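All chains are named by letter (A, B, ...) in the order of the sequence lines, taking the proteins before the strands, and each is independently numbered beginning at 1. Just so it is clear, the model here is predicted, and its values are computed rather than measured.
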Amino acid sequence: MYAFTYERPKNVDEAVKLLKKAKDGKILAGGQTLLPAMKLRLASPDTIVDLSRVKGLSGIKASSKAVTIGALTKHIEVMGSAEVQKSIPALAHLASLIGDPAVRNRGTIGGSLANNDPSADYPAAALGLGATIKTNKRELPADKFFKGLFETALAGDEIIESVSFPVPEKAGYEKFPNPASRFALVGVFVSKSKDGVRVAVTGAGEGGVFRVKEMETALAKDFSAKAIEGIKVPAKNMIADIHGTAEYRAHLIGVMARRAVAAAK
Amino acid sequence: MPTVTVTVNGKSHAVDVAPETLLVELLREKLRLTGTHVGCDTSQCGACVVHVDGAAVKSCTMLAMSADGASVTTIEGLANGGSLHPMQEAFREHHGLQCGFCTPGMIMSAVDIVNRKGSELDEQTIREELEGNICRCTGYHNIVKAVGAGAKAMKGGGKSARAAE
């Protein structure tokens, strides 16, 4: 790999200072996306700020209302957490589908959200549950956090500290994985709570994760797979690549959404 | 050049590395432990799997600096002197390899599976858990058999990798 400066701050304030000082600084969390991106020269930061020694950014807290997960919490911890499994089983299920065991041992929830890969799993959970993303500067609702392909509302020196997921009445996540990369060709997260129904789609949109309002309205009246049977998502603005056409992905959204509703608990 | 202090297979090392050095480069090029392989270099094939503080990771997708202070176990650290680790023995017994390139990663992942899921592993579990390890020779059939048998043998008093760590 090419050369960069490596920094390992002990707290968030120090990390922010280092990021401000750098010309093109990047935060290293689990590195499961950043390091491959750097090898491919898709990212070429002059400074890497490794957060692994910053205390207080890892761990899971659950109450009857919300599950709050520290940014550096690894996928394996979320999938294995008895509290997550009890409060939001769909979220534990989602974490268990990310990458493979070795990737889940390193990859973090904060890294996944900050990267906002259009085929990543966690953005679907954040948008599909109406999560709140807490940074060193502010609290951002998921609806205002994701800004398109690999883009978020985060400023260059802003660091995610934790993510809070409201506990829904029920939720489900179904994913059609690309068999090689295990990223979502299409993944749909649905949730039902007193604030309404949310349907969030990852893997399909050219602009990253998005909600399907028509399905939400139908499911609010009748939370069943049958209620969304007739709803077709237009192929416009869907990703088209060697793995699937835009039409195929649009069709899969309907299939995955119905399965997610049927599996919701 | 920063210094990384790391315990590998029970032995402590302090090595000066360029910040961009990957953990697998530290192991292979600085410590000359070439049992850990680099296959795809894109964290898909799993040939580079080692254990860092007891958890399987892809050492091509971790900076050496991130392992500072950690305890690493590589394939070289599994055998007890001249006697193979039960998982290594099972791969030999069940012909779980042909060219052998993926084998170190397969075995390190297999030991990790046993550490997480215990010694009674059904075929479906083994196949799912080996999702991140790619073999281009065997068709996996004998690898799956070897992992199942190795898991049982590890329970039967074989030296576990946890102990080595």
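- At a threshold of 4.5 Å between non-hydrogen side-chain atoms, the residues A:Arg8 and B:Ser66 do not count as touching.
- Environment of CZ in B:Arg32: sparse, with no more than 12 heavy atoms of neighbouring residues, nucleotides or ligands closer than 6.0 Å.
- Both the backbone and the side chain of B:Asp41 come within contact range of chain A, each with at least one heavy atom under 4.5 Å from a heavy atom of that chain.
- For the options B:Asn133, B:Asp68, B:Thr42, heavy-atom pairs under 4.5 Å to chain A are most numerous at B:Asp68.
- Separation of atoms CZ (A:Arg106) and OG (B:Ser43) is listed at 12.0 Å; rounding is to 0.5 Å.
- Two residues are said to be in side-chain contact when any heavy atoms from C-beta on lie closer than 4.5 Å; A:Asp100 and B:Lys58 meet this criterion.
- With a 4.5 Å cut-off on side-chain heavy atoms, A:Tyr2 and B:Glu20 do not count as touching.
- Chain A forms more heavy-atom pairs under 4.5 Å with one residue of B:Cys60, B:Ser109, B:Gly69 than with any other, namely B:Cys60.
- Interface remark: A:Ile76 contributes side-chain atoms only to the contact with chain B (heavy atom separation under 4.5 Å).
- Looking only at distances, a side-chain donor or acceptor of A:Gln32 sits under 3.5 Å from a matching main-chain atom of B:Thr61.
- Residues B:Met65 and A:Ile48 are not in side-chain contact: their nearest non-hydrogen atoms beyond the backbone lie 4.5 Å or more apart.
- A:Arg182 contributes a side-chain N or O that, together with a main-chain N or O of B:Glu131, makes up a donor-acceptor pair within less than 3.5 Å.
- More than 12 heavy atoms of other residues, nucleotides or ligands lie within 6.0 Å of NE2 in B:His13, so this atom counts as buried by the packing criterion.
- Of the two parts of A:Leu28, only the side chain, counted from C-beta on, holds a non-hydrogen atom closer than 4.5 Å to a non-hydrogen atom of chain B.
- Side-chain contact check for B:Leu63 versus A:Met1: some heavy-atom pair is nearer than 4.5 Å.
- With A:Asn105 contributing its side chain and B:Ala56 its backbone, the two residues share a donor-acceptor pair below 3.5 Å.
- Looking at B:Leu22, the atoms closer than 4.5 Å to chain A (heavy atoms on both sides) all sit in the side chain, from C-beta outward.
- Contact count against chain A (heavy-atom pairs under 4.5 Å) is highest for B:Met62 among B:Met62, B:Glu129, B:Gln44.
- Enclosure of atom CZ in B:Arg92 is not indicated, since only 12 or fewer non-hydrogen atoms of other residues, nucleotides or ligands lie within 6.0 angstrom.
- Chain A forms the most heavy-atom pairs under 4.5 Å with one residue out of B:Leu130, B:Ile113, B:Val57, and that residue is B:Val57.
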